[in-house]
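Below, chains carry the letters A, B, ... as their sequence lines are ordered, and counting in each starts from 1.
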Amino acid sequence: MLSASRLRWFAIVLAAWAVVVVARLVQVQIIEHRTWEAESARQRERTVEVEEPRGDIRSRDDRLLAGSVERVAVYANPRKIPREQRSALAAKLARLVDRPREEILADLEGRDGFYYIAKDLDPQVAEAIAKLRQRGVGSLRTERRVYPHGSLAGPAVGFVNAEGDGQAGLEAFYDRTLRGVPTLYRELRDGRIASTSLDLRLDTLGRPGQSLVLSLDCRVQQVVEEELAHALAEARAKGASAVVMAPTTGELLAIGSLPSYDPARVGQTPPEWRRNRAVEDALEPGSAFKPIVVAAAMAAGVLDPWEMVDCSGGGIQIANVFIRDHALYGLLPVREVLAKSSNTGAIRIAHRLAASQLDATIRALGFGQPTHVELPAEAHGIYRSPQHWSGLSRASLALGQEISVTALQLARAYAAIANGGLLVRPTLVLETRDRSGRVVTPYRPQPAARVLPAHVASSLATLLESVVEDGTGRAADVPGYRVAGKTGTAQRASAGGYAAGRHVAWFVGFLPMPSPSLLIVVCIDEPETNYWAAEVAAPVFGRIAGRVVTLLGVEPTNGERA
Amino acid sequence: MKIGGYRPSNNWLRRQLDTRWRRWVSWCFAGAVVVSVVMAAFVAPRQATLRMRYEIAQLTRVVDHLEGEQRRLLLEREVLTSPPVLAASLGTLGLVPVSPGRVMHLTRDGDLLRPKAKPAPTPQVKPARRTR
């Protein structure tokens, strides 16, 4: 017999136990209700993400530069396929996916769990697979990215990886826009965490990717790439790039970079071919920078476009360094300084400016800063502020040294000279459209900032005409059109100095004067046969400009009535 | 008591038939007709909707298929008319890009304007400096 005191203790222990159990129940069921409910849902449900079709990339002349086609992948899960059915199933699948029956059967026998039998199949295969009504075999909708024009504008368009993620060019920069929003389904799972496929509930309705309409014109792009390829082969150069821009709006009509690649076969090209030289390579501009120094001097009011500059002596002594000129010149007007590309003249003009004045114009024209074009990995270029300048820096800048620029930066700066002093933002994307072709993001030209007085820009543009008329840029002439531009030959900078025998040839120009509608930058990197811009880059400009004005129907400025 | 040769019979009784069932059946039939009519009135549009949904699903598949086909043909056309492909076949066709000097422009005034060619540039003197 239990004594009364023992019974009391027993009751107390039972009561305490009951209190603990109830407290735990309150904690789990009431206090931590949300946490455990979420945990339960996590174990019970699975989110299935179905990608929506990726948007297209189209040129302004409505050519498809990148698009997606629907494809199908067929999968199998041998665990769910009875052993005796596998042989017959392999025979049926072999016909559908065009693979040997023995190979499929070996996979069905040897593999354990989900695997793909075949990918990149015609969408009609999905219907045939569904008709098989075979448990453990199914099809999934996939996409293949296609680039109908091959390597045309390849570095600008970019490419996607096997998972469909943008890796370079516009494909990477606009990945989220092109990708759209995937549709989400919630799927119930059974006790063995296997999907029941009974209750596939729509969670979030997706949105197909938007299409991009580019400012690129496929015809102009083709001309640019053809001429660059011709120049590359002729000069045996390491690389070449060119930019064709509308100077008043900043719209890029073409952006060429060679060697190039076909985005559909990106794995077969060396990595160094994949970069877009026009935006990723920052190089010294050489004499193509002289007009910037002249613009700074004219804007600061220390240079009159019609005055004479002392270019005598065959060179000039700056900070214990004698910088030679190309020839013995005397007094030259500013237009001749530019036309003959006189080093002495440019240095004397630069030395009229205070460091801060020169710095202000260089910065205002966007050097040392990205242009914010819609491409990834854009180089900022190298430009040091005046506190880091040496006694030689102003002279070096006058010759286009101690600064590195991209072809696009140079195009933007020259566009300010061509359009009357406004700094435009280079742009590649005009608008985005939805799947049905409705405009989602309409084209809104970025407001341009005034960086040069209008009279300075127009005077300088007129001065630059002399470079093509009777200066170093005569090969850039386009019959019937008034062309303004500037050559630039620079040595390739390497660690601590300049590499011997490695040069960069530039030509930047615009036409038709006096209201230019086209601005073209040509850059030939490390030409071997001849490195002078006048003979390597200027003719390329001339050929590109000559063909582009015909293509776009630009009226001649020096025309005669037929 | 038992009387020989006599068998009791109720043949003389006239059957008392309950004829109310006819009314019930009539009411039930009428009710069924009313319910059927009402149901038909409700079901018919739904059935039509269902049929339309089925047809829409079928047609959507056809549209998807045709859109896929259209896209395939579009891509094929893009490839065939691609500027690099056309440029590559120019030589075969004996075509060359037209030089600007050979193009005449129709102005807004209706005049034909021919670009005026300049004299050929003189060869450059090659200076011996690295920048020019």
Is any side-chain heavy atom of B:R71 closer than 4.5 Å to a side-chain heavy atom of A:D56? yes
Closer than 4.0 angstrom, basic N to acidic O: yes or no for A:D122 and B:R72? no
Residue A:Q124 versus chain B: region with a heavy atom under 4.5 Å: side chain
Take A:R63 and B:T81 through the side-chain contact (heavy atoms from CB on, under 4.5 Å) test and state the conclusion after the steps. CA-CA 10 Å; A:R63 303 307 300 255; B:T81 60; 2.6 Å; yes
Could you please spell out the steps behind the side-chain contact (heavy atoms from CB on, under 4.5 Å) verdict for A:V549 and B:H105? CA-CA 11 Å; A:V549 290; B:H105 294 259; over 6 Å; no
Would you say B:L93 has more than 12 foreign heavy atoms packed within less than 6.0 Å of its CG? yes
If one checks every heavy atom of A:V554 against chain B at 4.5 Å, the contacting part turns out to be backbone
How long is the span from the CD atom in A:E226 to the CG atom in B:L90, to the nearest 0.5 Å? 7.5 Å
Residue part contacting chain B, namely of A:D62, when any heavy atom lies under 4.5 Å: backbone
Count the heavy atoms of every other residue, nucleotide or ligand shown that sit under 6.0 Å from CD of B:Q47, and state whether that count exceeds 12. no
Taking the side chain as every heavy atom from C-beta outward, state whether B:P83 and A:C218 have any atom pair closer than 4.5 Å. yes
Flag yes if more than 12 heavy atoms outside B:Y54 fall under 6.0 Å of its OH atom; otherwise flag no. no
Quick test of your reading of the model: are A:E127 and B:R61 salt-bridged, counting only N-O distances below 4.0 Å? yes
Minimum-distance pair of heavy atoms, taken over all atoms of B:L74 and A:R58: CD2-NH2, 3.8 Å
Name the region of A:E284, side chain, backbone, both or neither, that has any atom closer than 4.5 Å to a heavy atom of chain B. neither
Part of A:E70 lying under 4.5 Å from any heavy atom of chain B: neither
